[in-house]
Amino acid sequence: MSQRVAVQTRKSGHLIVAAIDFGTTYSGYAYSFKDHYQRNPLQIFSHSWTDGHGLFTTKGPTLVLFDKNGDFNAFGYEAEEKYAQLSSSDKHTGWKYFRHFKMTLHNRTNLTLKTKLRDDQGKTMPAIKVFSAAIKYLKTHLLDKLTESYYNRQQSVKGNAAAKDVGINVNDDILWVLTVPAIWNDSAKQFMRVAAVQAGIPESQLLLALEPEAAAIFCRTAVLSTNKSDEAGAFKKDSQFMVIDLGGGTVDITVHKVHNDEKLHEVYPPSGGPWGGTLVDEQIYEFLENLFGRKVLQILQKESKTETLDMHRTLELKKRQFKVMDEEDGKVNLTLPSSLYEIYDEENSEETFLDRLERLKSNKVQKKRGRLIIDQDIFHEMFMKSIDSLTEHLEAICRRHDMAEVKTLILVGGYSECDVLKQSIKDTFTDKHVIIPEEASSAVVKGAVLFGHNPDIIDSRRAPCTYGISSAVPFDPKIHPAMHKHRDMCEDVFKVFIPIGTEIVPGKTQVIHSFNTAQSSSVEIYKSISEHPSFITDPGCEKVGEIDISGTAGESTRVDIIMKFGDTELHVEAKEQETGNKISAKFNFLR
Ligand SMILES: Nc1ncnc2c1ncn2[C@@H]1O[C@H](COP(=O)(O)OP(=O)(O)OP(=O)(O)O)[C@@H](O)[C@H]1O
Ligand SMILES: [Mg+2]
C-alpha cells in the first residue's frame with residue numbers, strides 16, 4: 001500500500017484527521033478532510049464492516065489472529081471466520097487468537113512493554129505486539145479507504161487533470177487520533193501510544209482522545225445541526241451535561257459545561273468502571289457454567305471452535321434482543337450447540353442433563369426440542385450486576401451538590417442500545433433528560449475526528465488524581481511520624497503539584513520543579529486519590545512513573561522540569577536553568 005496519495009491542493013496543517021476507536025469488543029475508524037470539516041463538520045467518512053452473512057456494522061469485532069510463526073494473519077470478522085475454519089479441520093494448533101484484550105490495560109498497576117496476553121489456546125504473546133498489529137491493520141485499512149476517497153474526490157472535480165500529480169504525505173498531513181477511555185491511567189495511555197507508534201503512526205502526528213469527551217463533541221455538533229429544540233437546549237450556553245459511554249469493557253463518564261465561547265469545560269473528573277456489556281456476557285457464561293459445569297464448557301471450547309463461535313453469536317443476539325415482556329412468565333429460548341448436552345452426558349455418566357433438570361425440579365429452566373427455555377427473570381438478572389454498579393455510581397455523582405446543574409444524561413456506545421439498561425436509567429433518573437443519539441455506536445470515533453480538527457474545543461479538564469513527588473523536609477517530631485525519620489529529615493513526604501479535581505487548562509496549567517542532576521537523573525511521580533496526601537506511603541498513593549532526563553550539560557546542573565497538565569496526556573519539558581538550553585525529558589509510565 002502506497003504511503004502517498006493524490007490530492008488537489010496542499011495547504012499547511014493537517015489536511016486530514018483520521019481517528020481509530022480501538023474498542024474492547026468492536027473497533028472502527030473514521031476520517032475527514034479539513035476543507036469538508038470547515039464547510040460541514042459532520043461530513044465524516046466511516047467504514048461499514050460486514051460479517052459476510054449480511055450484517056453491516058459501523059465497527060468490526062476486535063479479534064486478532066497470528067499464524068504459527070507468530071506473524072499477523074487476520075483481524076475482525078475475517079480472523080473469527082479463519083480461526084473457526086482452521087479449528088474445524090483441526091489445523092488451529094499453534095495459531096494465536098486474541099479477543100477482549102483491551103481490558104488488560106484497565107487499572108493495571110504493573111503494566112510494562114513485556115506484559116503478556118494469553119490467547120484462546122492458553123499460549124502467550126507480548127501484549128504490545130497484539131495491540132500494535134491490530135492498530136496497524138486498522139491504519140492500513142483506513143489508508144486504503146482514504147486513497148479511494150481521494151480518487152473519488154478528484155474525479156468529481158472536472159478538468160482538474162493536474163490534481164493527480166499533487167501528493168500528500170500521509171506522514172505529514174494526516175493527524176491520527178486514537179481513542180482511549182477517559183478513566184485509564186497514565187501507563188495504559190502511554191502503552192496505547194507506544195503501540196500506535198509501533199504500528200507506524202508517527203509520534204508527532206498522534207493525538208489521544210478521551211472516549212466520552214469525543215462523544216460529547218460529536219453529540220453537541222450533531223444535535224446543533226438538527227432542529228430538535230428539546231435536545232439543543234442541553235447544549236445551550238452554561239448548560240451542563242453528562243456523557244456516559246457504555247462500551248463493551250468500560251463505562252466511562254464525563255461531565256461538561258458549555259462555556260460562553262461554545263467551548264466545553266470539564267466540571268468533574270472522568271469516572272466509571274469495568275461495567276460494560278462484557279460484564280453481562282460473563283454473567284451469562286457463569287449461568288451456563290452453573291448449569292453444565294465448567295469442565296463441559298471447557299471441552300466444548302477446546303474441541304469445537306465452530307460450535308463455540310455459534311454459541312457466542314447466539315448469546316450475543318439474545319443479549320441484544322432481550323426486553324422484559326409484560327407477561328410474568330415470559331421466556332428466553334436459547335438454541336445451544338447439541339454437543340454441549342452430549343458432552344454433559346458423557347462427563348456425567350450417573351445423570352443425564354435432562355435428569356439433572358428433572359432433579360432440580362426447576363420450571364425456570366427447561367429443555368424442549370433442543371432449546372433451553374429460561375424464565376425471563378433469570379435472564380434479566382444477568383444484566384443487573386452491570387446495571388446496579390452503574391446506577392449506584394451515577395446516583396453518587398448526581399447527589400454531589402456541584403452536580404445539581406447537570407440536567408441531561410447522554411448515553412453513547414454500543415451497550416447504550418440495551419433495552420433494560422436504558423429503561424433502568426430512565427426510571428432511576430426521572431428528573432434528568434436522557435438522550436440516546438441515533439449514532440450512539442459511532443459517536444466516539446466521529447467525535448474523535450472532530451476533536452482532531454479542533455482540540456481547543458475542550459478548554460479545561462479536571463485533574464483525575466493528585467499528582468506530586470516524594471520529597472524530604474526537616475524532621476519535626478510534633479507533626480512527623482518517627483517511621484519516616486532518616487537522620488534529621490522526614491522522608492517520603494508527598495509534595496503535591498496538582499490536587500485531584502483541580503481545573504487544568506491545556507497549554508496553560510504547568511508546574512515547574514527544579515532539581516540538581518548531581519543528586520539524580522530522574523524524578524519519580526506519585527499519584528493519590530486523596531486531595532492532600534501526607535506521605536507517598538499513605539493508602540491510595542502509588543508511584544505512576546518517572547521523568548527521565550538525558551543529555552544534561554554537566555554532572556551537576558540545576559534543571560527546571562516543566563510538567564504540563566490539561567491535555568489528554570501529561571507532557572514534560574526540561575531546561576538547564578543557567579543556560580535555558582532544552583534537555584530531552586520524557587514521562588515514563590511503563591515500568
Ligand atoms: N442492543 C444491545 N443490547 C445489549 N448490549 C448491546 C446491544 N448492542 C450492543 N451491545 C453491547 O455493547 C458492547 C459494545 O459496545 P461498544 O462497541 O461501544 O464497545 P467497545 O467500544 O468495544 O468497548 P470499550 O469502549 O469499553 O472499549 C458489547 O458488549 C455489545 O454486546
Ligand atoms: Mg468504546
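Whatever order the structure lists ligands and atoms in, that order sets their numbers, starting from 1. Just the heavy atoms: all of them, side chains too, but no hydrogens, waters or symmetry mates, feed the values below.
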- Return the set of residues passing side chain to side chain donor-acceptor pair (under 3.5 Å) with His100 (not counting sequence neighbours), or none when no residue passes. none
- May I have all residue pairs that pass salt bridge (Lys or Arg N to Asp or Glu O under 4.0 Å) and include part of residues 387-397, sequence neighbours excluded? none
- Message: Under 6.0 Å between ring centres: does that hold for Phe66 and Tyr97?
- Response: no
- Query: Is Glu289 paired with Arg294 through a side-chain N to carboxylate O contact shorter than 4.0 Å?
  - Reply: yes
- Query: Does any pair with a residue in residues 113-137 pass salt bridge (Lys or Arg N to Asp or Glu O under 4.0 Å), and if so which ones, sequence neighbours excluded?
  - Reply: Asp120-Lys305
- Item | Sorted by chain and number, the residues that approach ligand 1 to under 4.0 Å with a heavy atom | Gly23, Thr24, Thr25, Tyr26, Lys59, Lys102, Glu211, Leu246, Gly247, Gly248, Gly249, Thr250, Gly277, Thr278, Glu316, Lys319, Arg320, Gly413, Gly414, Tyr415, Glu417, Cys418
- Query: Name the one of Asp375, Ile373, Leu372 that satisfies side chain to side chain contact (heavy atoms under 4.5 Å, CB included) with Val365?
  - Reply: Leu372
